[in-house]
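Let me begin by presenting the structure, written as structure tokens, before commenting on it.
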Amino acid sequence: MIRFSIDEKGKITLETGEGKRKVRELKGNSLIEFPNNYVVLDIETTGLDPKFDSIIEIGAIRYQNGKEIGRFSELVKPDAYYYLDEEDIKQTSDYCVVDGEPIQYINSFITDLTGITNKMIENARDEKDVLKDFDIFLSDDIIIGHNVNFDINFLYDAFEYNLDKPLSNDFVDTMRIARRILKELKHHRLRDITEYYKINYEGAHRAVNDCMITDNCLKCLQESVLLQFESIDEFAKSVSSYKGLSAKDITTSKTEFDEEHPLYGKVCIFTGVLEKMLRKDAMQIVADLGGINGNSVTAKTNYLILGNNDYCSLIKDGKSNKQKKAEELKLKGNDIEVITENVFYDMIEN
DNA sequence: TCTCCTCGAGATCT
DNA sequence: CTCGAGGAGA
């Protein structure tokens, strides 16, 4: 949908897209989680590009604790249409008449794909009226959809244009989750996901139907995630947007500790790759024993546990920077010991 | 080693 | 848009 304004001097400013301000500045965040309350969203459009194409249908279903508790489904009449010439009219019977001229809102490719015809669109409400109601329905819930950036980008522009407000809801993309969890699949189109899980794909490409299909996929994906990971949280930490492994992410549920344990109250730092366990598991053990995890060697550090540095080509003399710093501190008289991972395992076995 | 970048490849939505 | 690789700097 082309949206622009022309000022007195005839200067054209795009209302959306690469226009007056940073594009979709207030868009929500892409989340990796499976919320209890959410709205599954899908739209049908006249094409793939929000700059030139329009929304023709909005479908959305609200779920609470796995159950449907609300539904929004409505066709939309776009502002834009194109005129048909005599040749066009010979080829189709699906067109509308505006001011005596034959016009189409959507081409035959979209009609074939979605089953939505120009005749159906003709009786629909205008975008602005539909969006007003949809805005109320959506509220500020988390949005879920397949490749949901597509839908959100269209709606974001339409919200700004018609309602003069951004669409800032956070969202969960089932395609992003599927790509992470179903690596063995070559493609991750909605259709591929339904085939993998044997989910009914009938009625696809109408907005609200796609919402139901997407929700079924979502529930299957959640099961797969829990099969492959200990928790949703662990899964979330495995994605690239997650910023590394930080000591503050390791917490313990224990409330009582053996104060005699050699690691109790001690600040432990790891360097290198541990042979027998993941660093995060080792850090978890430290936390459960009442020890304190840190990210770097400081004056407060008590133990530096040495893993294997062979994988790091930058370390030529066999000592990491953490180890050098630890040895320096020890010479200065600090209460710090550099231990091998085997010594660490002996300590935690007691 | 750790953190923060940039950049290119690849894929999905109608 | 997201991911992963590879580089710069700390």
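Letters A, B, ... mirror the listed sequences (proteins, then strands); counts begin at 1.
Grouped by direct or indirect side-chain proximity (heavy atoms under 4.5 Å, Ile/Leu/Val/Met/Phe/Trp/Tyr only), A:Leu227 sits alone. When hydrophobic side chains of Ile, Leu, Val, Met, Phe, Trp and Tyr are connected at separations under 4.5 Å, A:Ile213 ends up clustered with A:Leu190, A:Tyr201.
Take A:Tyr63 and apply the ring-ring contact (aromatic ring centres under 6.0 Å, His included) test, not counting sequence neighbours, and it matches A:Tyr38. A:Glu87 pairs by the salt bridge (charged side-chain N to carboxylate O under 4.0 Å, His left out) definition with A:Lys90, not counting sequence neighbours.
Rounded to an integer number of Å, the gap from NE2 of A:His205 to C1' of B:dC13 is 10 Å. The nearest whole Å value for the distance from the CD1 atom in A:Ile58 to the C1' atom in B:dC13 is 16 Å. Atom pair A:Lys183:NZ and C:dG4:C1' shows a separation of 11 Å (rounding to whole Å applied). Atom-to-atom, CD1 of A:Ile143 to C1' of C:dC1 comes out at 16 Å; the value is rounded to the nearest Å.
At a threshold of 4.5 Å between side-chain heavy atoms, the hydrophobic network of Ile, Leu, Val, Met, Phe, Trp and Tyr places A:Ile61 and A:Leu75 in two separate groups.
At a threshold of 4.0 angstrom between heavy atoms, the contacts of A:Thr114 are confined to the sugar-phosphate backbone, with no base atom among them. Contacts of A:Asp210 with the nucleic acid, taken as non-hydrogen atoms under 4.0 Å apart, involve only primed sugar atoms and P, OP1 or OP2. Among the atoms of the strands shown, only primed sugar atoms or phosphate atoms (P, OP1, OP2) are found under 4.0 Å from some heavy atom of A:Lys27.
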Let me have a per-nucleotide readout for nucleotides 5-12 of chain B, 5' to 3', with B, S or -, counting only protein heavy atoms under 4.0 Å.
-> ------SB

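Taking a pair as Watson-Crick or G-U with both hydrogen-bonding distances under 3.5 Å, the stems of three or more pairs touching DNA chain B are B:1-10 with C:1-10.
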